[in-house]
Undergrad: 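Got a structure here, written out as structure tokens. Questions coming.
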Amino acid sequence: MKTRKPLPKKQNNALSPVSSPSVASSKQIALQEQRSKLPIAKGKDALIREFQEHDVTVLLGETGSGKTTQIPQYLLESGIARGGMIAVTQPRKVAATSLAIRVAAEQNVTLGTSVGYSVRFDERFSSETRIKYMTDGMIVRELMSDPLLSKYSVVIVDEAHERSLRTDLLIANLKTIQRQRNGFRDVKGKGKDKADAPNPLKIIIMSATLDAEKFGQFFSGAKILYVQGRQHPVKIYHSSQGQIDYVDAAMRTFYQIHTDYPPGDVLIFLPGQEDIESLERTIEMYAKQLPQDSLSVLICPMYAAQAAGQNSKVFLPAPPKTRKCILATNIAETSITIPGVKYVIDTGKCKEKRYLARNTGGGLDTLLTRDITQSSAMQRAGRAGREGSGHCFRLYTENAFKAMPLSAEPEIMRCSLSSSLLQLKCIGQDLEKLELMDQPAEESMKSSLIVLFLLGALNREKEITTVGRQMASFPLEPVYGRAIIASKDYDCTHEVLDIVSVLSASSKLFVESFEQRDAVSEARKKFRHVCGDHLTILNVVKAYQEIAQSEGKSNRKEWCRRHFLNERALLEASDIRDQLRQTCQRLGIDHSVSCGDKEDPIIFSLGHGLAMNIALLQPDGTYKQTIGQSIVKIHPSSALCDKKTPAIIYDELVYTNQIYARGVSRIPKSFIITLGALKQQS
DNA sequence: GAGCACTGC
């Protein structure tokens, strides 16, 4: 069995056949009873028949139907999966692992035997594994080594309505794979006969109820099935008029609930950290004026950039005579379920990151507050009905709700395509030719092709180059893969890996807190490097490694806290770095080569990757891109803000109020000329 | 001198 990380002991106890058989069997009986009570259990036989008859099934199930845990077991028990594996894909890692744990328990097997999972940095499966929960990113990677996914006889795509980039790529590939594996005859009778197919593939798409037809249409002839969920009723109230100040409206609604409604926790959805912090202040201010005999208020802010452990009180039951008030971003909509919530206040707003491609190559991200979608509003309301009936207060009118788009635009329409384009090139596919549910804009496609060409990943004929293949083998944005490859020539792979792994970690390195902003900037000065943010990151990594070597775990934590560093980001970066070192080894790049105290080699390596992200200082103090025409400002959080550095490279452009360059480093002008000369040659 | 939803390899 492959096991990279042992599970926490508590979970192991719950899974492995327990020493006392009577305990195990009573647990097992309880589990089986729960299984049989799930709404989906009634339809088991009918479902199995449908799966047998149809190659593609679209299953619409509300939350709580048990479809994600039960269907794979039905497929296994009924023999539909034959000798192959059943893959169940998830957009998020936690979902994949916790589902596997649950299903292993229901099957009464040890996790990693017949039921397993596979997510980045953590896997538990073996040659025996028949049901494998995995992230969609994982199975898309598997496509690169096994383009027909021949190990799997059934692929179940869960949460397909979320339309993540990887889900969309997977669905597109599944359609072509099925044609090849199952055999088909077109209208002219050409193609293979079904009977000849030795290893057919079944596809099951699972989605929330909205816009289901689309999946059915994409897989022409797919059978659409509905499963009832088990959700408690949620009473929904709309505002009679639109709210201009939703933070103020949320505060007033909260106190209305607090004084007029029975106990039960309140969950308030807000777009971002700034609003969360401001609402926290106003709620706290009025909490002091509450009458003596009323419930007290415990505020729990929750957003992704929080330091680890900061939000743990969210999951504990409210103390006696206290009402919990959770102020959350979208993190509470899909990623995290908070127990005890009876009331939801929905501002109707969220922040959306959207990539604007430029036909000069590259582009910029916008991060703006916008109205949510209808499906998101329903999801938010549903958070009040997890444990009993609940109430949802919408701070917008019913007409405003009806005017909202049904569901979010698929991610593929609003992100950079460079990485996917390159991955597909590796298996001889073209993103332009792939039959997708939604085709990205031509401009976005073109922009990514230019980026990949400028990075040397594609030649003029749009064919993948040797460098392109190397770049694709790194689990990174192509830009940083390119920087690592360049680092070989500048003898600084060690340093570049340190920096790039922090940049690609999903958690932020620096903890931001509005209240302690002065202390934060003071602590940050210690690591600041004159060359800019990339070398500042390197300083942090080096300092942390020194602490990690000499100090115990609790001191490490304390050190991070004192310096407003997010240890989770550093730990994640260290996992990524290990993975990148392995990739380097495969490609014959010595990852231990270091440039010592020299800075230029590091900057030059990064410069090869960030060649499209260069800007020059203008007389008025702003910067102008060398590719593209935008005027950009250095983000105030940067080490180089106000430093009047003549030429800079940057990780990304983000438009909020202005176009900001983030992750900025000084680069010698002479290097830009060299880079230009190199481009001429190619 | 100002602010950052969420995933994934």
Side-chain angles (χ1 to χ4, degrees), chain A residues 89-96 118-123 134-145 159 162-170 269-278 302-306 328-336 347 349-354 365-370 372 376 379-380 408 411 414-415 419-420 422-423 426 471-478 480-481 501 504-514 517-518 520-521 566 572 575-576 579-580 582-583 621 633-638 640-643 652 654-658 660 662-663:
Chain A
T89 73
Q90 294 292 322
R92 283 168 289 280
K93 293 209 276 189
V94 270
S118 171
V119 302
R120 192 185 188 185
F121 303 129
D122 191 8
E123 55 184 28
M134 58 207 295
T135 46
D136 43 22
M138 217 55 181
I139 200 165
V140 169
R141 269 277 149 179
E142 270 188 33
L143 275 174
M144 294 180 66
S145 55
E159 311 285 10
E162 286 186 25
R163 303 291 308 275
S164 79
L165 173 63
R166 286 156 203 85
T167 306
D168 272 20
L169 290 177
L170 174 63
F269 283 102
L270 293 142
Q273 183 182 349
E274 208 183 339
D275 287 329
I276 288 176
E277 284 171 345
S278 118
M302 218 171 69
Y303 46 87
Q306 262 175 330
T329 60
N330 261 353
I331 195 168
E333 195 181 299
T334 45
S335 310
I336 288 172
T347 58
K349 302 282 177 191
C350 67
K351 281 203 185 178
E352 185 187 69
K353 200 166 184 174
R354 176 173 281 272
D365 287 312
T366 62
L367 188 70
L368 302 169
T369 301
R370 57 161 291 167
I372 58 169
S376 173
Q379 180 77 18
R380 288 180 174 192
E411 191 184 3
R414 50 187 174 88
C415 70
S419 187
S420 308
L422 186 62
Q423 263 192 48
C426 272
M471 280 160 61
S473 49
F474 287 102
L476 291 172
E477 282 294 311
Y480 296 115
S501 47
S504 78
S506 60
S507 326
K508 293 237 160 64
L509 179 58
F510 297 110
V511 177
E512 298 291 340
S513 159
F514 183 85
R517 69 204 304 183
D518 292 337
V520 170
S521 54
N566 186 2
E572 200 184 329
D575 276 343
I576 295 172
Q579 205 178 29
L580 297 178
Q582 283 171 27
T583 311
K633 272 182 91 173
I634 295 180
H635 194 272
S637 67
S638 169
L640 291 190
C641 188
D642 292 331
K643 292 285 187 285
E652 56 176 359
V654 181
Y655 174 78
T656 49
N657 295 315
Q658 303 183 66
Y660 289 108
R662 294 200 336 207

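Everything quoted here is computed from the prediction, not taken from an experiment. The sequence lines fix the lettering, A, B, ..., with proteins before strands; numbering per chain opens at 1.
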Undergrad: Quick check on side chain to side chain contact (heavy atoms under 4.5 Å, CB included): which of Thr347(A), Leu270(A), Thr329(A) does Asp275(A) satisfy it with?
TA: Leu270(A)

Undergrad: If we ignore hydrogens and angles and just use 3.5 Å, is the side chain of Thr366(A) paired with the main-chain N or O of Arg354(A) as donor and acceptor?
TA: yes

Undergrad: Closest to the Arg92(A) side chain: dG1(B), dT7(B), dC9(B)?
TA: dT7(B)

Undergrad: In whole angstrom, give the distance that lies between atom CD of Gln582(A) and atom C1' of dC9(B).
TA: 13 Å

Undergrad: Would you classify Thr329(A) as touching base, sugar-phosphate or nothing, given that sugar-phosphate means primed atoms plus P, OP1 and OP2, and contacts are heavy atoms under 4.0 Å?
TA: sugar-phosphate

Undergrad: Quick one: Lys633(A) NZ to dA2(B) C1', roughly how many Å, whole number?
TA: 9 Å

Undergrad: For dC4(B), take OP1 and OP2 only and decide whether either is under 4.0 Å from a side-chain N or O of Tyr303(A).
TA: no

Undergrad: Expressed as a whole number of angstroms, how long is the span from Ile331(A):CD1 to dA5(B):C1'?
TA: 9 Å

Undergrad: So which one's nearest nucleotide on DNA chain B is more toward 5', Ser419(A) or Leu367(A)?
TA: Leu367(A)

Undergrad: Could you tell me whether Leu165(A) contacts a base, only the sugar-phosphate backbone, or nothing, with contacts defined as non-hydrogen atoms closer than 4.0 Å?
TA: nothing

Undergrad: Which nucleotide sits closest to the side chain of Gln273(A): dC9(B), dA5(B), dG1(B)?
TA: dA5(B)

Undergrad: Output, in order, the C-alpha distance, side-chain angles, deciding distance and verdict of side-chain contact (heavy atoms from CB on, under 4.5 Å) for Arg380(A) and Ile372(A).
TA: CA-CA 10 Å; Arg380(A) 288 180 174 192; Ile372(A) 58 169; 3.7 Å; yes

Undergrad: Rounded to whole Å, how long is the line connecting atom NZ of Lys353(A) with atom C1' of dC4(B)?
TA: 8 Å

Undergrad: Listed by chain and number, what are the side chain to side chain donor-acceptor pair (under 3.5 Å) partners of Ser376(A), not counting sequence neighbours?
TA: Glu333(A)

Undergrad: Under 4.0 Å, heavy atoms only, any strand: does Arg141(A) hit a base, just the sugar-phosphate, or nothing?
TA: base

Undergrad: Rounded to whole Å, how long is the line connecting atom CZ of Arg380(A) with atom P of dA5(B)?
TA: 13 Å

Undergrad: Is there a side-chain contact between Tyr660(A) and Pro636(A) in this structure, where contact means two heavy atoms from C-beta onward sitting under 4.5 Å apart?
TA: yes

Undergrad: Of Pro475(A) and Glu352(A), whose closest DNA chain B nucleotide lies nearer the 5' terminus?
TA: Glu352(A)

Undergrad: Of the options dG8(B), dC4(B), dC9(B), whose atoms approach the side-chain atoms of Lys351(A) most closely?
TA: dC4(B)

Undergrad: Looking at the side chain of His635(A), which of dA2(B), dC4(B), dC9(B) is the nearest nucleotide?
TA: dC4(B)

Undergrad: Can you tell which of dC9(B), dC4(B), dA5(B) lies closest to the side chain of Arg662(A)?
TA: dC4(B)

Undergrad: Under 4.0 angstrom, heavy atoms only, what part of the nucleic acid is Thr656(A) near: base, sugar-phosphate, or nothing?
TA: sugar-phosphate

Undergrad: Can you measure Glu277(A) atom CD to dA2(B) atom C1' for me and round it to whole angstrom units?
TA: 13 Å

Undergrad: Categorize Val654(A) for me: base, sugar-phosphate, or nothing, with a 4.0 angstrom heavy-atom threshold over every strand shown.
TA: nothing

Undergrad: Rounded to the nearest Å, what distance is computed from the CG atom of residue Asp275(A) to the P atom of nucleotide dC4(B)?
TA: 11 Å

Undergrad: If you look at every strand shown and take non-hydrogen atoms under 4.0 Å, does Asn657(A) touch a base, only sugar-phosphate, or nothing?
TA: sugar-phosphate

Undergrad: Got a donor-acceptor pair under 3.5 Å from the side chain of Arg166(A) to the base of dG8(B)?
TA: yes

Undergrad: Rounded to the nearest angstrom, tell me the gap between atom CD in Glu274(A) and atom C1' in dA5(B).
TA: 14 Å

Undergrad: Suppose we screen for side chain to side chain donor-acceptor pair (under 3.5 Å). Which residues come up paired with Arg92(A), at least two apart in sequence or across chains?
TA: Glu162(A)

